Every structure is written in structure tokens, then in C-alpha cells.
Amino acid sequence: MNTDLPASPDAPMTLSPSPLSANGLFQLLFQPRKFFLDTPRLARRFELMVAVYLIGIAGAIDKVDQRLLEAALKGDALPNDDFMATLLNSWPSYWGVVLGGGILAAAIAWLIGGWFYGTRVSWSGAKDMDPTLARRVWAWQSLVTALPLTLLAVAHTLLYSNYAAAWRADDFVGGLLVMVAIVWSCTVSYVGATTVFTLKRGRAVFWFLIAPITFYLVIAFGAGLMAYNNATGG
């Protein structure tokens with residue numbers, strides 16, 4: 001005899017931890033399959049907006065670093081234009097640009113980055129792919145890189161008088177942390193895509209692991225080669 005009764009409509013619902021809680025972030029970083037199995041959690045509007053904004057902030061930080069790297073590759077210690085000089089010598093100016101620019105960067109990343117992630121999902125064999133769901137998966141896996149990059153900038157704010165001093169300090173540990181996060185984000189991206197969507201394994205391995213990791217290695221090798229040539233006068 002079946003004695004099970006339907007749940008009362010007034011019974012409290014058990015919600016999974018917020019994706020931005022300590023538990024949620026732990027799952028994202030170290031148990032990504034468990035994190036992405038809970039697809040309703042990926043759609044929580046407020047947390048998703050915060051995640052995308054953090055991605056935008058990280059993108060703005062990266063843009064500043066690109067300008068610094070370009071100057072270094074040309075043999076200049078720092079960019080010499082007035083805008084960058086103000087930004088690099090004042091934390092309020094730096095964070096004003098990063099936080100403000102992060103809004104635009106977040107919108108662009110959501111549109112373009114989310115679209116390309118969905119395209120790779122389709123290339124990997126997904127049928128009737130939901131582009132909104134693909135963007136959500138993209139946003140959460142992108143946080144694996146965006147969060148360490150943002151926290152590193154916060155740490156530099158506490159440790160150095162300005163961003164120029166932080167850049168000159170040549171923070172090896174911080175740089176290594178970011179590089180590890182970038183590579184690990186590829187793994188989380190692959191796990192997220194294969195958990196949420198039904199994909200062909202070989203294609204997914206190529207588009208979410210081999211292709212992006214190769215891209216990052218080529219960029220790193222190219223930057224290192226240019227720096228070596230400038231240092232040796234080659």
C-alpha cells in the first residue's frame with residue numbers, strides 16, 4: 001500500500017546555495033559538475049547580474065594591463081599619455097575607470113562572449129541549443145577567471161600606493177594565480193558545457209579544451225618572444 005502523500009503546497013521549498021555563496025563558489029571552482037547540474041540556480045537574476053558585472057570589471061582590468069604590456073614590449077616602462085598616467089598614479093582614478101568601464105565591458109562580453117560560447121556548444125553537436133542557457137553557463141565559467149583577477153587588483157590596492165607601483169613590483173605569485181585560473185577555467189567550461197548540454201565528446205574536447213588552451217599558449221609565447229626580442233635588441 002502506497003502511503004506517500006503529495007507535498008503540501010504550503011511546505012517550504014529547499015533552495016540550493018546561492019551560486020555566489022561560499023558553498024556555491026566552492027562548487028564552481030572544485031566541483032563544477034555538481035554546480036552546473038543545478039540549472040535553475042544558474043538563472044538567478046541578481047547573482048547572474050553580479051557575475052556578469054564582475055566579468056566586465058575583470059575585462060576592464062585586463063584592458064589596462066594590455067596597455068601596460070604594449071608599452072613594455074615597446075621598451076617603455078609605462079604608457080606616457082596623460083590619461084594612463086592619471087589612472088596609474090591614483091587608485092581612485094584607476095577604480096573609477098575600471099568600475100565604470102566594467103559596465104560597458106559586461107554588456108559586450110554578455111553579447112559576444114555568450115554568443116560565441118553558444119556557437120561552440122552548437123559546433124560540439126548540441127541539438128536545439130538554448131542560447132540563453134548557453135550564456136548563463138558561459139557567465140559562470142567565466143567567473144573562474146574574473147574573480148581571481150578582480151581580487152588580485154583589490155590586493156594590489158591594499159599593498160601598493162598606486163597601480164604603477166603594483167605593476168613594477170612584478171607580482172610573480174599573482175601572475176601565476178591568474179594563469180592557473182585561466183587554464184582551469186577551460187576545464188570548468190568543458191564540464192559546464194557537457195553537463196548542461198548533450199554534446200559529442202570529441203568535438204567538445206576540441207572546442208572547450210584543446211582550442212582555447214592552445215590559443216592562450218600561443219598568446220603567451222608570442223608575448224614572451226616579443227619581450228625577449230626587445231630585451232636583446234633582436
Side-chain angles (χ1 to χ4, degrees), residues 20 48-117 135 138-183 185 212 215-234:
L20 291 177
L48 183 61
M49 290 177 64
V50 171
V52 174
Y53 182 46
L54 286 172
I55 293 167
I57 291 174
I61 292 172
D62 184 59
K63 190 65 176 178
V64 173
D65 288 352
Q66 287 180 29
R67 289 289 308 276
L68 289 166
L69 184 59
E70 289 171 2
L73 293 175
K74 293 176 182 177
D76 300 328
L78 294 171
N80 51 21
D81 58 279
D82 292 340
F83 173 77
M84 287 298 295
T86 301
L87 184 149
L88 295 175
N89 289 288
S90 167
W91 281 122
S93 297
Y94 175 85
W95 281 109
V97 169
V98 165
L99 295 177
I103 298 174
L104 178 60
I108 294 173
W110 174 261
L111 292 174
I112 298 178
W115 164 79
F116 186 59
Y117 191 88
R135 278 192 165 90
W138 161 82
W140 291 112
Q141 64 85 25
S142 296
L143 200 61
V144 174
T145 302
L147 192 58
L149 188 60
T150 304
L151 291 177
L152 182 63
V154 172
H156 285 164
T157 305
L158 299 176
L159 294 173
Y160 300 100
S161 58
N162 52 49
Y163 198 69
W167 181 261
R168 293 192 190 98
D170 194 17
D171 184 2
F172 173 78
V173 175
L176 181 62
L177 174 64
V178 172
M179 289 301 298
V180 170
I182 289 173
V183 174
S185 72
F215 172 78
Y216 292 129
L217 289 176
V218 169
I219 294 296
F221 177 78
L225 184 61
M226 291 178 65
Y228 175 80
N229 287 337
N230 283 330
T232 59

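On a predicted model such as this, the values are computed, not experimentally measured, just so you know. The figures that follow rest on heavy atoms only: side chains count, while hydrogens, waters and symmetry mates do not.
For the atom pair CG (Asn162) and OG1 (Thr86), the distance works out to 11.5 Å, reported to the nearest 0.5 Å. Considering CZ of Arg67 and CG of Leu88, their distance stands at 9.0 Å, rounded to 0.5 Å. Separation of atoms CD1 (Ile103) and CD1 (Ile108) is listed at 12.0 Å; rounding is to 0.5 Å.
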**Request:** Begin from the C-alpha positions of Leu158 and Trp91 and carry the test side chain to side chain contact (heavy atoms under 4.5 Å, CB included) through to its verdict.
**Result:** CA-CA 10 Å; Leu158 299 176; Trp91 281 122; over 6 Å; no
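Applying the ring pair (Phe, Tyr, Trp, His ring centres under 6.0 Å) rule to Tyr160 yields the partners His156; only residues at least two apart in sequence or on another chain are considered.
Using a 4.5 Å heavy-atom cutoff, the side chains of Leu68 and Pro79 are in contact.
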Can you list, pair by pair, the side-chain donor-acceptor contacts under 3.5 Å of residues 141-148, counting residues two or more places apart and other chains?
residue: Gln141; atom: NE2; partner: Trp138; partner atom: O; Å: 3.1
residue: Ser142; atom: OG; partner: Trp138; partner atom: O; Å: 2.7
residue: Ser142; atom: OG; partner: Trp138; partner atom: NE1; Å: 3.1
residue: Thr145; atom: OG1; partner: Ser185; partner atom: OG; Å: 3.2

Distance-only donor-acceptor hits, side chain of residues 52-63, under 3.5 Å, sequence neighbours excluded:
residue: Tyr53; atom: OH; partner: Leu99; partner atom: O; Å: 2.8
residue: Asp62; atom: OD2; partner: Gln66; partner atom: NE2; Å: 2.8

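Here the shortest heavy-atom pairing between Arg135 and Leu111 reads NH2-O, 3.0 Å. Nearest heavy-atom pair, Leu69 versus Trp167, reported as atom, atom and distance to 0.1 Å: N-CZ2, 3.9 Å. Nearest approach of Asp65 to Tyr163, heavy atoms of both residues: OD1-OH, 2.5 Å.
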